[in-house]
Amino acid sequence: MAAVPVSALAVGGLPGLLGPAAAAAPPSGSATRYTIVPFLNSNDGTVNVYQSDDATDFRLLRASAYTPPAGRIRDASILKHTDGYYYITYTTHTWQDTSTTIGFARSSDRSNWTFLYDYPVPLTNLSRAWAPEWFVDSDGSVNILVSCSTADDEWIFTPYRLKATNSALTAWSSPVALSGIGANHIDTFVVRTGSTYHAFTKNETSKYIEYATAGALTGPYTISRTGNWAGWGGTREGAALIQLDNGAWRIFFDGYGDGSYYYSDSYDSFATWSAPRALPGISGTARHFTVLKETVSGGVSLPTGVTRSIRSGNYTTRYWQDQSALLNLPVVTASSTAAEKLASTFTVVAGLADGNGYSFRNAAGNYLRHWDFRARFDANDGSSTFARDATFIARTGSASGSVRLESYNYPGRYLRHYSYQLRVDPSDGTDLFRQDSSFVAVNPL
């Protein structure tokens, strides 16, 4: 399970579902924060800590944040426990070695970590215990799903469940195999929606990530999707899922076959997925991680029900302007005409698709929306598609007092200027993109 605070496991009233209490943009005065603790492609003896406000553009929080006292650290899974501490569990050895233990470390701030212990997984004939993943069930029980090899062929893995038997996370039940997934599957990751457990697991023969469901954590699971069913391709592993602010599910996976790290989104309960994209900024550097999502204080917000002009964060004489229903970024000054100033003035309202997001209305009553990823103004047709196209989530911008406006229905895409035209483009993780997508709301011109 992608790590979430144990106290915040219910989504839409369904206990145990991964994510916040409701799939929505963060309310005013708060922000979404995602944390990952990957090991490095160049070094599996340490981990970096990265954070993001959109699950796309991850920024380094601390390099070499934790180095275990012995062995290695790979496949770290992160959890925030009810005691307020952050925990990671991880593979303790490199892939060439036999490794029958999983490691544990703890932090109060995600930056400074303290080694707790290495736990020997109690399985007969165990040769390897890999990729431990936290899973907190609807009853609050803390579990770890770990891939274990006990076969004569030491590379044949089966997923097992360990259940914490104390709140300190220092004692564990006997391992129980996840029935129905079977041998030769590794990196099994489970999320729960309602009464259904959804497992994403790598088939070590085909090298594809498969999909299975069950009515209980330990199964029996039915594998219903095999091969390249989601369009992610082969030589993929280390699946981890998180629910985004707009309710979509995002899967991250390690494309070890081509040296990249990918993400893909689903809006229909895991049936279909967007084309995989390389995770900007850290693809090729970060390896195998899970994602902690939290709602934290701070963030950015805009006043609603008022008119504002929207200035570029990095071209401070240029402003949003409605030009023949298209949103552009011309120079606007005190000497500009009254018509030009009016075309650069917009009413900020609560998001049409999500009241914690934002929509923008021009003087004619039309709304800013994306069409073929170009920013334009159209009349609201009352459809849910239009509402989503016209809703944006405020994220922290790069300039002082600025915001970045993320597309509600295309997470990871932002309003940005390019050749002084406004588009909704995917973040590439660069500082220039962050600058080009940062805007400041000011009093009307």
Side-chain angles (χ1 to χ4, degrees), residues 1-2 18 34 36-42 44 50 55-56 58 74-78 90-91 94-95 128 130-133 135 145-149 155-159 178 181-191 198-213 221 223-244 248-291 411-412 426 429:
M1 182 177 186
L18 191 69
Y34 303 87
I36 60 174
V37 187
F39 76 94
L40 308 180
N41 190 48
S42 60
D44 63 1
Y50 298 88
T56 303
F58 283 92
R74 301 170 68 93
D75 318 329
S77 181
I78 182 171
Y90 53 89
T91 305
T94 186
W95 66 271
R128 283 176 168 83
W130 282 5
E133 310 279 5
F135 180 88
L145 307 180
V146 59
S147 300
C148 295
S149 175
W155 299 101
I156 302 298
F157 288 89
T158 299
L178 271 58
I181 292 178
N184 211 32
H185 289 86
I186 196 171
D187 297 347
T188 301
F189 190 96
V190 174
V191 298
H198 305 261
F200 296 79
T201 183
K202 179 197 175 189
N203 183 312
E204 277 283 53
T205 298
S206 69
K207 309 303 181 184
Y208 289 108
I209 295 172
E210 298 181 339
Y211 171 68
T213 55
Y221 285 86
I223 298 177
S224 58
R225 298 289 186 271
T226 60
N228 193 25
W229 65 278
W232 299 325
T235 58
R236 307 296 192 238
E237 64 184 14
L241 281 81
I242 199 72
Q243 194 174 36
L244 303 177
W249 287 90
R250 174 164 292 182
I251 188 171
F252 299 86
F253 52 83
D254 192 339
Y256 68 96
D258 54 28
S260 297
Y261 216 98
Y262 294 96
Y263 69 92
S264 175
D265 298 338
S266 176
Y267 288 84
D268 54 10
S269 301
F270 316 125
T272 61
W273 296 83
S274 64
R277 297 185 62 89
L279 192 60
I282 63 172
S283 177
T285 298
R287 298 289 305 277
H288 196 147
F289 56 77
T290 63
V291 186

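Positions are given from 1 along the sequence.
You'll find the side chain of Tyr221 stays beyond 4.5 Å of the side chain of Thr188, heavy atoms only. Contact of the Tyr267 side chain with the Leu244 side chain is not registered, since no non-hydrogen atoms from C-beta on lie closer than 4.5 Å. Between Asp187 and Asp254, every side-chain heavy-atom pair lies at or beyond the 4.5 Å cut-off. Residues Lys207 and Lys202 form a side-chain contact, since some pair of their non-hydrogen atoms from C-beta on lies under 4.5 Å apart. Here the side chains of Leu178 and Leu145 are in contact, with some heavy-atom distance below 4.5 Å. Between Arg128 and Val146 there is no side-chain heavy-atom pair separated by less than 4.5 Å. Considering only heavy atoms from C-beta on, Ile251 stays 4.5 Å or farther from Trp249 through its side chain.
Under the ring-ring contact (aromatic ring centres under 6.0 Å, His included) test applied with Phe289, the options Phe39, Tyr261, Tyr50 reduce to a single match, Tyr261. For the pairing with Ile36, the side chain to side chain contact (heavy atoms under 4.5 Å, CB included) check across Thr290, Ile242, Ile282 returns one residue only, Ile282. With Phe200 as reference, Phe270 is the one residue of Phe252, Tyr208, Phe270 to meet the ring-ring contact (aromatic ring centres under 6.0 Å, His included) rule.
Judged purely by distance below 3.5 Å, without hydrogens or angles, the side chains of Ser266 and Asp268 pair a donor atom with an acceptor atom.
Centroid-to-centroid, the aromatic rings of Trp229 and Tyr211 come within less than 6.0 Å.
No donor-acceptor distance shorter than 3.5 angstrom exists from the side chain of Thr201 to the backbone of Glu210, with no hydrogens or angles considered.
Ionic pairing of Arg74 and Asp44 is present here: one or more N-O contacts between side-chain nitrogen and carboxylate oxygen are shorter than 4.0 angstrom.
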*Test Thr56 against Arg277 for side-chain hydrogen bond (donor to acceptor under 3.5 Å, both in side chains), laying out the working first.*
CA-CA 10 Å; Thr56 303; Arg277 297 185 62 89; over 6 Å; no
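Within the model, atoms CZ of Arg287 and CG of Asp75 stand 8.5 Å from one another, a figure rounded to the nearest 0.5 Å.
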